[in-house]
Each structure stands twice: as C-alpha cells, then as structure tokens.
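Bear in mind that the values here come from a model prediction, so they are computed numbers and not experimental data. Order of the sequence lines sets the chain letters (A, B, ...), proteins ahead of strands, with each chain counted from 1.
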2 protein chains.
Amino acid sequence: MSKHVQYGQYCPLAMSSEFLCTRWTMLVLRELLFGSSQFNDISRGVPRMSRTLLSSRLKELIEVGVLTREEGAGSLVHYRLTNAGKALGPVVMSMAGWGQEWLKIEPSVEDIDVGLLMWDIRRNIKPMPQLPNPFIVEFFLTDVPESKSQHWLISEDDKNDLCHIDHGFDVDVYIKVSAKKLTKVWMGWEDFATAIKDRELIIKGDEKYTRIAVKWLGQSSVAGIKKQPEENRI
Amino acid sequence: MSKHVQYGQYCPLAMSSEFLCTRWTMLVLRELLFGSSQFNDISRGVPRMSRTLLSSRLKELIEVGVLTREEGAGSLVHYRLTNAGKALGPVVMSMAGWGQEWLKIEPSVEDIDVGLLMWDIRRNIKPMPQLPNPFIVEFFLTDVPESKSQHWLISEDDKNDLCHIDHGFDVDVYIKVSAKKLTKVWMGWEDFATAIKDRELIIKGDEKYTRIAVKWLGQSSVAGIKKQPEENRI
DNA sequence: CTGCATCCTCTTCGATACTG
DNA sequence: CAGTATCGAAGAGGATGCAG
C-alpha cells in the first residue's frame with residue numbers, strides 16, 4: 001500500500017496514524033476530542049470509514065474506558081469522552097504535531113475530499129460578536145466538479161451548519177478559491193493574506209466581516225506548528 | 001481479545017498501544033529510542049513478537065523514513081533512527097505517560113516476563129564513577145520458577161550485559177526480591193526505600209554501593225509520572 | 001437517527017525451517 | 001548475527017440490507 005492513501009485525508013494526524021496506529025482509531029478520537037458526539041457527525045469526519053467499523057471502534061473505546069454512550073431523547077445518542085479519554089488530547093496533538101512538522105503532506109492535497117475539508121472548516125468556525133446572526137458564508141471551489149463546488153456555511157446561535165444545496169441564502173460573505181489553496185491556507189502551510197493579495201483567494205462582502213475573515217474562519221489546530229524545512233521532511 | 005494480554009508487557013506504552021496503535025510498532029520504536037540498534041537486541045525487548053514480523057516492521061519504518069539500516073563490519077547491521085524518527089520520542093513518551101497516569105496496570109504484573117524485566121533494567125543501569133569496574137549485581141527473584149530466578153547484571157566500560165548462567169562472578173551487590181515487587185518499584189508504583197524497610201527487597205553488599213542503589217539501578221522512564229487516584233483509572 | 005447481522009474477501013501474523 | 005520463505009489459521013474490514 002502506498003503512503004498517504006489509506007484515509008484519504010490531508011490531516012497530519014491521519015498521515016502519522018497510517019503507520020503508527022490502529023486503523024481509524026486516532027481519527028475517531030480526533031472527532032470526539034473536537035466535539036462531535038453523535039454517530040453521524042463522527043462518521044462525517046471519517047467519511048471513508050465504514051459505519052460498521054465505526055460502530056465497532058466506538059465499542060472498543062467504551063470497553064477500554066475512554067468513552068461513554070449516553071442515550072438521550074428519542075433515538076438520540078451521545079458519545080462522550082471520559083476524563084481518561086479527554087486526557088488523550090495531548091497524545092493526539094503530539095502525533096498530529098509530529099506529522100505537521102516532519103511529513104511531506106502536500107502531495108496528499110492532489111486528491112482532496114472537499115466534503116471533508118468543508119466539514120473540518122465548519123467545525124472550527126469561530127462565532128464572533130461582530131458578526132450577524134445568522135452568519136452565512138458561501139464557498140465556491142474552483143477546482144472540483146460542479147456538483148461539489150458550492151457550499152454554504154451557516155453559523156447561527158453558536159451552532160455551525162453546512163449545506164451544499166442552494167436554498168437562496170442571504171449570503172454575508174462569498175469566498176472563491178481552489179480547494180487546494182483553501183486546504184493549504186487552512187492547514188497553515190500558506191498565508192491567508194498572501195493568498196488574497198495574489199488573487200488566489202477572492203473574498204467579497206461587507207468589509208467589516210471580510211477584514212477579520214482569518215479570525216472567524218479559523219485554522220486547523222496544527223496550523224501553528226512550524227514545519228521542518230522541505231529537505232528534512234520525509 | 002481481552003485487555004492487556006497482547007504484548008505481555010507491564011509497560012504502560014504497551015497498554016496504551018494495545019488499543020491505539022499498529023501492533024508492535026510503538027514498542028519497536030521504544031527499543032530504538034532507548035538505544036537498541038541491532039536486530040537481536042531489539043528483538044529481546046519485544047520477545048513475543050515474531051522475528052518475521054519484526055523484520056517486516058523495520059522495513060516499514062525504513063520505508064516511511066524514520067529509520068535507516070546501516071551495514072557494518074561482518075554481518076553486523078545497525079538500525080538507527082533518522083531525525084524524524086528521533087522526533088517521535090515525545091509522541092512515544094506522551095502515550096506512555098498517558099498509560100502510566102490513567103491505566104490500571106498492576107493486574108498485568110500477575111504474569112511477568114522476567115527476561116523482559118531484566119532486559120529493561122539492564123538498559124537503564126546507570127554507570128557511576130563510585131562503582132567498581134566491572135560492577136556486578138546478582139538478582140535472585142523469589143516468585144518465579146528456579147530456572148528463571150537468577151540473573152547477573154554486568155556493567156563494564158559503560159556497557160551493560162545480562163546473564164542468567166552462573167559463571168562464578170565476583171558479585172558486588174546481591175538483590176533478593178520478588179519479580180512482582182521489583183517491577184512495581186522499577187515502574188515507580190512503589191517506593192524503593194519502603195520496599196527495603198519492609199524487607200520485601202533485600203540488598204546486600206558494600207554499603208558504599210547499596211546506599212546509592214536507587215541511583216544506579218534507575219527506574220523506568222515513566223516512573224516519574226504521577227498516577228491518577230485508583231478510582232479514576234480505567 | 002443509530003446502528004446491527006451477515007456474508008465474504010483480503011490481510012495479517014505466527015510457526016517452522018532454512019540460509020549466508 | 002541477521003535475517004528469509006512458505007504455509008495455514010485467525011482476524012479485520014467492507015458491502016449490503018434491515019430494524020428499532
């Protein structure tokens with residue numbers, strides 16, 4: 001099996017996990033650590049993982065004691081990390097950080113799962129008091145098939161939603177960019193302002209909102225980790 | 001598969017790896033990080049791993065780029081971590097640390113591989129200027145079959161050797177203890193001085209040497225990590 | 001929405017025996 | 001010392017369809 005293909009994710013944690021970890025377990029933990037608690041939400045964060053296997057992994061984690069399963073109203077179920085599970089945060093971050101620092105990840109950007117990218121971004125959108133409620137951002141991705149090019153991000157009442165069908169939204173900010181460039185900027189591999197200056201990322205809307213875009217858009221949690229110079233990476 | 005059986009090791013890294021990691025990979029990295037470079041030395045640190053699989057894992061690590069294979073004189077081969085590989089140290093330690101802090105590990109002490117325990121201790125023996133050269137310690141383990149009860153640790157010229165056959169050594173220090181207690185003390189779960197005071201660990205020899213035993217004997221590298229109170233562990 | 005049951009395939013791993 | 005070759009058993013994982 002060639003490198004960097006198993007998970008189909010640009011996430012450095014996924015890259016590191018490919019040779020270090022039990023298949024999918026780390027990525028499931030990442031989803032849980034980053035706040036997903038419902039089965040389908042977790043599943044969207046690991047789209048190439050079969051639901052059968054996800055189910056089985058969740059059971060393993062419960063068995064070990066890092067996860068609990070709480071049944072809510074109706075058939076709603078919440079998976080929540082125990083204290084021991086939450087304490088795995090630094091372990092997961094150290095592995096992701098190692099990947100960000102040492103691995104050649106850019107090649108993986110050649111085949112991006114845009115649904116996953118948007119799902120990742122959605123998770124990190126930071127609601128800010130200056131923004132309207134709801135706050136709606138339209139993404140137009142220039143380098144993907146038409147059916148996957150449009151995405152609307154709706155941030156309302158501290159809850160972020162994602163949609164890929166046009167419901168005639170009242171869009172506050174419009175962003176046009178290639179999925180490739182968006183990934184690089186979001187991963188911290190390239191600079192947001194530079195991408196705008198080079199017209200590789202076009203952002204339109206009230207200047208009140210666009211000026212602080214880098215703040216509400218957020219970045220991957222490993223974006224801040226310095227990378228080794230290209231020649232040192234593996 | 002039940003918990004804590006796969007690797008047959010009391011090491012918290014092994015426990016954590018059982019549900020997080022690709023089989024054996026972390027433990028192989030541990031051996032490399034702690035200084036083993038030859039195939040057979042690595043193999044002794046993971047005695048339940050088949051040599052076939054070890055060979056295959058080493059190749060994977062080389063393929064990924066965290067390890068190199070250098071052929072030396074004769075048929076001597078050295079495996080050495082690359083810089084990227086060495087940088088995995090904190091990842092490995094964070095995982096081991098999590099295990100030490102959060103896992104109920106003591107049950108695993110019920111079935112100790114004494115060869116592995118002694119091999120671990122050998123690796124960490126700290127040569128000290130006050131000690132004679134060679135410095136020879138005899139261990140007598142009270143709770144294991146007679147054939148496995150005697151071990152001699154020879155520290156000479158900054159190189160530590162292990163022997164389980166009596167060659168009529170000129171023993172400097174003699175230690176009599178159960179393998180169980182020795183493990184607990186060495187892992188930092190129980191106190192060395194207390195074990196001596198309670199006569200659970202008997203140490204004989206020149207007081208110059210026995211007085212500072214805790215220093216040259218060393219401890220597991222995770223011994224310093226605080227454990228959660230028993231009721232929080234999983 | 002949250003899964004489980006089943007079937008079937010592919011991979012992984014260990015045991016054993018052998019080589020330079 | 002440092003592995004490799006081969007074989008068979010066991011396990012992991014995906015696809016699909018169904019159910020509360």
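- Considering only side-chain atoms of B:N40, the nucleotide from D:dA2, D:dG14, C:dT2 that sits closest is D:dA2.
- When the nucleotides D:dG3, C:dG14, D:dG13 are ranked by their closest atom to the side chain of B:V77, D:dG3 comes out on top.
- A straight line from CD of A:Q6 to P of C:dT11 spans 12 Å, rounded to a whole angstrom.
- Each of A:M49 and B:S55 was assigned the nucleotide of DNA chain D with the nearest heavy atom; the assignment lying further toward the 5' end belongs to B:S55.
- In this structure, of D:dG14, D:dG3, C:dG3, it is D:dG3 that holds the atom nearest to the side chain of B:Y79.
- Nucleotide D:dA2 holds its P atom 8 Å from the NE2 atom of B:H78, rounded to whole Å.
- Ring orientation note: the planes of B:Y174 and B:F140 are close to parallel, at an angle under 30° on the 30°/60° scale.
- Atom NZ of A:K59 and atom P of C:dG3 are 9 Å apart (whole Å).
- Between A:S75 and A:W24, the residue anchored closer to the 5' end of DNA chain D is A:W24, taking for each the nucleotide with the nearest heavy atom.
- Computed from coordinates, the B:E60 CD to C:dT11 C1' distance equals 12 Å when rounded to whole Å.
- Using a 4.0 Å cut-off between charged nitrogen and carboxylate oxygen, A:K180 and A:E110 count as a salt-bridge pair.
- Between B:Y79 and B:F39, the angle of the ring planes lies from 30° to 60°, which puts this pair in the tilted group.
- Of the candidate nucleotides D:dG3, C:dT2, C:dG14, C:dG14 has the atom nearest to the side chain of B:S50.
- Nearest to the side-chain atoms of B:F39 among the listed nucleotides D:dG13, D:dC1, D:dA2 stands D:dA2.
- Which of C:dG14, C:dG3, C:dT6 sits closest to the side chain of A:T52 comes down to C:dT6.
- Between B:R23 and C:dG14, a side-chain N or O to OP1/OP2 separation shorter than 4.0 Å is present.
- The distance from atom CD1 of B:I42 to atom C1' of D:dA2 is 11 Å, rounded to the nearest whole Å.
- Taking 4.0 Å as the cut-off between side-chain N and carboxylate O, A:R57 and A:E60 count as a salt-bridged pair.
- Atom-to-atom, CG of A:L58 to P of D:dG13 comes out at 14 Å; the value is rounded to the nearest Å.
- Using a 4.0 Å cut-off between charged nitrogen and carboxylate oxygen, A:E106 and A:K104 do not count as a salt-bridge pair.
- With rounding to whole Å, B:E31 atom CD is found 17 Å from D:dA2 atom C1'.
- Distance A:L54 CG to C:dC1 P: 14 Å, rounded to the nearest Å.
- For A:R51, whose side chain is taken as the heavy atoms from C-beta onward, the closest listed nucleotide among C:dG3, D:dG14, D:dA2 is C:dG3.
- If you check D:dC1, C:dG3, D:dG20 against the side chain of B:L76, the one that comes closest is D:dC1.
- Of the side-chain N and O atoms in B:Q38, none sit less than 4.0 angstrom from OP1 or OP2 of D:dC1.
- Phosphate contact (OP1/OP2 of C:dG3, side-chain N/O of A:R69, threshold under 4.0 Å): present.
- For A:D170, the CG atom sits in a loose shell: 12 or fewer heavy atoms of surrounding residues, nucleotides or ligands are nearer than 6.0 Å.
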